[in-house]
Amino acid sequence: MANEIITYKKTKLSYKSSGETYTDLTDLVSIPSLGGTTESIEVTTLADDAHMYIPGLITYGDSIDFKFYWRNGGTQFLALDALDGSIDWKITLGDGTTATVSGECSVSLEAGEVATAMTYILSIKPNSKITIAAASV
């Protein structure tokens with residue numbers, strides 16, 4: 001019996017700007033990779049036969065980006081655009097696994113074409129480590 005989950009089925013993004021209650025966002029289309037890359041710091045000496053490295057900091061890139069459909073006159077877009085300062089974010093996958101991160105956000109409308117659904121991007125500039133927690137059984 002397979003234990004795999006369908007990619008991103010029932011995945012949601014939530015945020016809390018104050019208090020302990022998360023607000024769920026709707027109309028999520030895609031999520032980014034939820035891991036980082038460890039930088040390599042060279043520590044080669046003249047006695048070494050090859051380049052030597054130690055792990056450095058984890059980088060998530062400049063931002064982690066989420067794509068949404070534009071619906072209801074852009075009310076969610078406007079609410080996200082009004083957020084200010086560092087916000088706590090939680091991504092919940094279909095099996096209950098969560099990833100949490102803090103960061104400031106910005107939103108932008110994507111370019112459009114004829115006969116396509118209008119979308120926008122929520123970009124989060126992380127100011128904490130992304131913490132992934134297994135689903136509670």
Side-chain angles (χ1 to χ4, degrees):
M1 179 177 192
N3 291 324
E4 297 81 12
I5 62 172
I6 297 173
T7 303
Y8 305 123
K9 184 175 182 179
K10 297 188 180 188
T11 295
K12 65 180 178 179
L13 176 64
S14 311
Y15 72 92
K16 65 177 176 176
S17 55
S18 63
E20 295 302 314
T21 304
Y22 278 92
T23 300
D24 291 342
L25 297 171
T26 60
D27 306 317
L28 180 62
V29 177
S30 66
I31 68 170
S33 296
L34 295 175
T37 303
T38 304
E39 297 173 330
S40 295
I41 299 172
E42 185 176 359
V43 292
T44 309
T45 69
L46 293 175
D48 293 326
D49 292 331
H51 287 273
M52 302 293 162
Y53 299 90
I54 60 172
L57 299 174
I58 296 173
T59 181
Y60 303 115
D62 290 343
S63 66
I64 51 177
D65 297 338
F66 298 83
K67 186 177 191 174
F68 293 86
Y69 285 124
W70 176 279
R71 295 213 171 117
N72 302 318
T75 53
Q76 183 170 269
F77 174 94
L78 296 171
L80 291 168
D81 193 40
L83 293 175
D84 191 30
S86 186
I87 306 294
D88 293 331
W89 303 91
K90 179 170 66 172
I91 302 100
T92 305
L93 302 180
D95 68 352
T97 299
T98 60
T100 55
V101 65
S102 294
E104 294 190 27
C105 72
S106 60
V107 288
S108 60
L109 285 172
E110 285 203 296
E113 298 177 13
V114 173
T116 59
M118 193 170 184
T119 57
Y120 66 92
I121 300 294
L122 166 68
S123 296
I124 299 170
K125 295 207 177 294
N127 57 25
S128 74
K129 181 178 179 180
I130 294 175
T131 302
I132 299 177
S136 53
V137 179

Gap between atom [atom2] of [Y] and atom [atom1] of [X] - 0.5 Å precision:
{"X": "D95", "Y": "T11", "atom1": "CG", "atom2": "OG1", "answer": "8.5 Å"}
{"X": "Y53", "Y": "T44", "atom1": "OH", "atom2": "OG1", "answer": "6.0 Å"}
{"X": "L28", "Y": "K12", "atom1": "CG", "atom2": "NZ", "answer": "11.5 Å"}
{"X": "C105", "Y": "I121", "atom1": "SG", "atom2": "CD1", "answer": "13.0 Å"}
{"X": "L80", "Y": "T75", "atom1": "CG", "atom2": "OG1", "answer": "9.5 Å"}
{"X": "D88", "Y": "S14", "atom1": "CG", "atom2": "OG", "answer": "11.5 Å"}

Sub-4.5 Å side-chain heavy-atom contact between [X] and [Y]:
{"X": "L25", "Y": "W89", "answer": "yes"}
{"X": "N72", "Y": "T26", "answer": "no"}
{"X": "W70", "Y": "Q76", "answer": "no"}

Where [X] and [Y] come nearest, the two heavy atoms and their spacing:
{"X": "K125", "Y": "S63", "result": "NZ-CB, 4.2 Å"}
{"X": "L109", "Y": "F77", "result": "N-CE1, 4.0 Å"}
{"X": "I41", "Y": "G56", "result": "CD1-CA, 3.6 Å"}
{"X": "D65", "Y": "S123", "result": "OD1-OG, 2.8 Å"}
{"X": "D48", "Y": "T45", "result": "OD2-N, 2.8 Å"}

Considering residues, nucleotides and ligands other than [X], do more than 12 of their heavy atoms fall under 6.0 Å from its [atom1]?
{"X": "D84", "atom1": "CG", "result": "no"}
{"X": "Y69", "atom1": "OH", "result": "no"}
{"X": "K16", "atom1": "NZ", "result": "yes"}

Joint hydrophobic cluster, [X] plus [Y], side-chain heavy atoms closer than 4.5 Å:
{"X": "V107", "Y": "I31", "answer": "yes"}
{"X": "L78", "Y": "L13", "answer": "yes"}
{"X": "I124", "Y": "I58", "answer": "yes"}
{"X": "Y15", "Y": "V29", "answer": "no"}

Could you point out which residue of I91, V101, T97, T98 forms a side chain to side chain contact (heavy atoms under 4.5 Å, CB included) with I132? T97
Donor-acceptor contact present, side-chain Y60 to main-chain I130, <3.5 Å: yes
Give a yes or no on whether the backbone of S102 and the side-chain of S128 come within a donor-acceptor separation of less than 3.5 Å. yes
Which class fits the ring pair Y120 and F68: parallel under 30°, tilted 30 to 60°, perpendicular over 60°? parallel
